[in-house]
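See below for the structure under consideration.
Nothing fancy with the numbering, it's 1 onward along the sequence. Just so it is clear, the structure is predicted and the values come from calculations on it, not from any experiment.
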Amino acid sequence: MYKTLSPGALGIRGLSLRESLKLAKDTGYEGLDFSIHEAANLAEAQGADYVRALFDEAGIKYGAWGMTVRWQHEDWRADLAALPKYAALGAEIGALRSSTWCPPSSTEREYDENFAWHLERFKAIAEVCNDHGIRFGIEFIGPQSLRPADQHDFIYDMEGMLEMAAACGTGNVGLLLDVWHLYTSGGSLDDMDKISNADIVNVHVNDAPAGLTMAEYNDHDRRLPTETGVLPLEGFMKKLATLGYDGPVTPEPFSKRVNALEDPRAAAELAAEYMDRLWAVAGLA
């Protein structure tokens with residue numbers, strides 16, 4: 001597994017792919033989560049080899065690219081029709097991981113109806129990705145605060161998302177596994193004994209504010225990994241190592257402290273410092 005920068009997760013906006021790669025290299029990351037839209041624009045102008053060369057020259061591995069299909073929209077099939085272009089580019093350059101997230105509740109649909117609604121979309125996306133050798137990760141969202149009593153609960157834990165992945169039936173659907181969501185869903189590290197490396201597409205890490213009950217966790221107020229010691233990060237990383245996980249590990253702190261840093265390098269360096277701590281705590285350094 002390798003430390004991966006996602007500029008947007010640190011509140012960094014407006015950097016080009018080349019600038020993001022340089023930032024990742026200069027601040028000690030091994031990988032970069034990136035926009036396949038931007039990569040496709042570059043490939044159309046200068047060729048896929050140009051995009052591949054940008055990563056190779058920086059010495060940076062591919063992280064995950066965000067799924068381009070806006071599957072929650074009614075006109076999602078228009079995006080689906082364009083997905084083969086992006087998936088083909090991902091395959092050509094070797095960027096074989098894409099991911100999205102799934103809301104844990106619904107104002108409209110009860111569980112079974114909602115499962116079928118999501119399955120139609122996720123399966124269609126997975127089939128296109130599978131045609132090009134792309135793995136598709138789906139993130140379950142754990143906090144109780146996003147499952148209010150006046151809404152219908154939906155998938156919010158690992159077990160439920162693995163059921164969705166299996167229902168897709170394509171063999172390339174797995175988890176975007178975030179330690180925050182594993183913890184806030186009421187899950188435990190023991191849940192990771194039920195999965196393998198093949199079940200994990202990409203990983204997010206962070207920490208949680210201290211002194212809160214499960215009901216009080218706000219999905220947009222987290223901490224840098226190892227900052228508070230609330231989340232079981234040492235055990236989480238050791239479990240990933242035991243599973244032989246070989247993909248990107250991306251800090252996603254949603255932190256006011258990080259977002260307040262106007263200098264992109266300062267934000268990336270601060271997160272990198274905590275990622276180094278995480279590796280050291282888990283004995284991976």
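- Hydrophobic clustering keeps Val281 apart from Met275 (ILVMFWY residues linked when any side-chain heavy atoms are closer than 4.5 Å, directly or through intermediates).
- The backbone N or O of Arg109 lies less than 3.5 Å from no partner atom in the side chain of Trp117, so there is not a single donor-acceptor pair.
- Side-chain contact between Leu177 and His204: absent, with no pair of heavy atoms (C-beta onward) separated by less than 4.5 Å.
- Of all heavy-atom pairs spanning Gln72 and Pro103, the tightest one is OE1-CG, 3.8 Å.
- Hydrophobic clustering places Ile195 together with Tyr183 (ILVMFWY residues linked when any side-chain heavy atoms are closer than 4.5 Å, directly or through intermediates).
- Rounding to the nearest 0.5 Å places CD of Glu139 at 10.0 Å from CG of Leu175.
- A cation-pi arrangement is not found for Lys3 relative to Tyr29, the charged atom failing to lie both closer than 6.0 Å to the ring centre and inside a 45° cone about the ring normal.
- Under the ring pair (Phe, Tyr, Trp, His ring centres under 6.0 Å) criterion, Tyr86 pairs with His37, not counting sequence neighbours.
- Pairing each heavy atom of Glu216 with each of Gly211, the nearest pair is OE1-O, 4.2 Å.
- Pairing each heavy atom of Cys168 with each of Val173, the nearest pair is CB-CG2, 3.9 Å.
- Annotation: side chain to side chain donor-acceptor pair (under 3.5 Å) contacts involving residues 169-179, sequence neighbours excluded, comprise Thr170-Asn172, Asp178-Asn206, Asp178-Arg222.
- Rounding to the nearest 0.5 Å places OG of Ser99 at 10.0 Å from CD1 of Ile138.
- With hydrophobic clusters built from ILVMFWY side chains whose heavy atoms lie under 4.5 angstrom apart, Leu176 does not share a cluster with Tyr2.
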Checking side chain to side chain contact (heavy atoms under 4.5 Å, CB included) for the pair Met164/Phe154: CA distance, chi angles, key distance, verdict?
-> CA-CA 11 Å; Met164 176 64 76; Phe154 191 48; 4.1 Å; yes
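- Evaluation of the ring pair (Phe, Tyr, Trp, His ring centres under 6.0 Å) rule for Phe55 yields Phe34, Tyr62 as partners, not counting sequence neighbours.
- Listed by chain and number, the residues in a salt bridge (charged side-chain N to carboxylate O under 4.0 Å, His left out) with Arg223 are Asp221 (sequence neighbours excluded).
- Counting non-hydrogen atoms of other residues, nucleotides and ligands closer than 6.0 Å to NZ of Lys123 gives a total of 12 or fewer.
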Check the pair Tyr111 / Asp153 against side chain to side chain contact (heavy atoms under 4.5 Å, CB included), numbers first and verdict last.
-> CA-CA 7 Å; Tyr111 192 97; Asp153 280 1; 5.6 Å; no
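- For His132, there are no ring pair (Phe, Tyr, Trp, His ring centres under 6.0 Å) partners, not counting sequence neighbours.
- For His181 and Tyr156, the ring centers are positioned 6.0 Å apart or more.
- Between Trp71 and Phe122, the ring-plane angle classifies as perpendicular under the 30° and 60° cut-offs.
- How far OG of Ser255 is from CG of Leu261: 8.5 Å, rounded to the nearest 0.5 Å.
- Under the 4.0 Å criterion applied to side-chain N and carboxylate O atoms, Arg97 and Asp246 are assigned as salt-bridge partners.
- If you chain together hydrophobic residues whose side chains sit under 4.5 Å apart, Ile36 and Leu83 fall into the same group.
- A salt bridge is defined here as a Lys NZ or Arg NE, NH1 or NH2 lying under 4.0 Å from an Asp or Glu carboxylate O, and Glu57 with Arg52 fails to meet this definition.
- Checking side-chain atoms of Asp199 against main-chain N and O of Ser196 turns up a donor-acceptor pair under 3.5 Å.
- A salt bridge links Glu227 with Arg257: the distance from a Lys NZ or Arg NE/NH1/NH2 to an Asp or Glu carboxylate oxygen falls below 4.0 Å.
- To the nearest 0.5 angstrom, Ile12 atom CD1 is 6.0 Å from Leu5 atom CG.
- Looking only at side-chain heavy atoms (C-beta outward), Tyr245 and Lys239 stay at 4.5 Å or farther from each other.
- When atom types are taken as modelled, the side chain of Asp157 and the backbone of Phe140 share no donor-acceptor pair closer than 3.5 angstrom.
- Environment of NZ in Lys25: sparse, with no more than 12 heavy atoms of neighbouring residues, nucleotides or ligands closer than 6.0 Å.
- Rounded to the nearest 0.5 Å, atoms CD1 (Ile93) and CG (Asp49) are 10.5 Å apart.
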Determine, stepwise, if the pair Val249 / Phe236 fulfils side chain to side chain contact (heavy atoms under 4.5 Å, CB included).
-> CA-CA 12 Å; Val249 179; Phe236 180 77; over 6 Å; no
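- At distances below 3.5 Å, at least one donor-acceptor pair connects side-chain atoms of Asp191 with backbone N or O atoms of Ser188.
- Taken together through direct or relayed side-chain contacts under 4.5 Å among Ile, Leu, Val, Met, Phe, Trp and Tyr, Trp279 and Leu233 form part of one hydrophobic cluster.
- Residue Pro248 is tested with Val203, Val201, Leu32, Thr4 for a side-chain contact (heavy atoms from CB on, under 4.5 Å); the sole match is Thr4.
- Between Leu182 and Met158, some side-chain heavy-atom pair lies under the 4.5 Å cut-off.
- Listed for the Arg277 side chain is no donor-acceptor partner under 3.5 Å among the backbone atoms of Thr226.
- With Glu273 contributing its side chain and Leu270 its backbone, the two residues share no donor-acceptor pair below 3.5 Å.
- Looking at every heavy atom in both residues, Leu21 comes nearest to Ala58 through CB-CB, 4.1 Å.
- For the atom pair CH2 (Trp76) and CZ (Arg121), the distance works out to 5.5 Å, reported to the nearest 0.5 Å.
- Under the 3.5 Å distance criterion, the side-chain polar atoms of Thr228 are left unmatched by any main-chain donor or acceptor of Asp207.
- Partners of His152 according to the ring pair (Phe, Tyr, Trp, His ring centres under 6.0 Å) rule, which considers only residues two or more places apart in sequence or in another chain, do not exist here.
- Within a 6.0 Å radius of CD in Glu44, more than 12 heavy atoms belonging to other residues, nucleotides or ligands are found.
- Shortest non-hydrogen contact noted between Arg135 and Asn197 is NH2-O, 3.6 Å.
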What's the verdict on side chain to side chain donor-acceptor pair (under 3.5 Å) for Asp33 and Thr250, showing C-alpha distance, side-chain angles and the deciding distance?
-> CA-CA 8 Å; Asp33 292 341; Thr250 304; 2.9 Å; yes
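- With contacts defined as side-chain heavy-atom distances shorter than 4.5 Å, the pair Met237/Val205 qualifies.
- Aromatic rings from Phe254 and Trp180 are positioned such that their centres are separated by 6.0 Å or more.
- Leu89 approaches Ala43 most closely through the heavy-atom pair CD1-CB, 3.9 Å.
- Contact check for Pro7 versus Glu19: no side-chain heavy atoms found under the 4.5 Å cut-off.
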Apply side chain to side chain contact (heavy atoms under 4.5 Å, CB included) to the pair Glu234 and Leu278, showing each step before the final yes or no.
-> CA-CA 7 Å; Glu234 177 182 350; Leu278 175 61; over 6 Å; no
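- Between Ile200 and Leu240 there is a side-chain heavy-atom pair separated by less than 4.5 Å.
- Between Arg18 and Glu38 there is no salt bridge, since none of the side-chain N atoms of the basic residue sits less than 4.0 Å from a carboxylate O of the acidic one.
- Counting only heavy atoms from C-beta outward, the side chains of Arg77 and Leu80 approach each other to under 4.5 Å.
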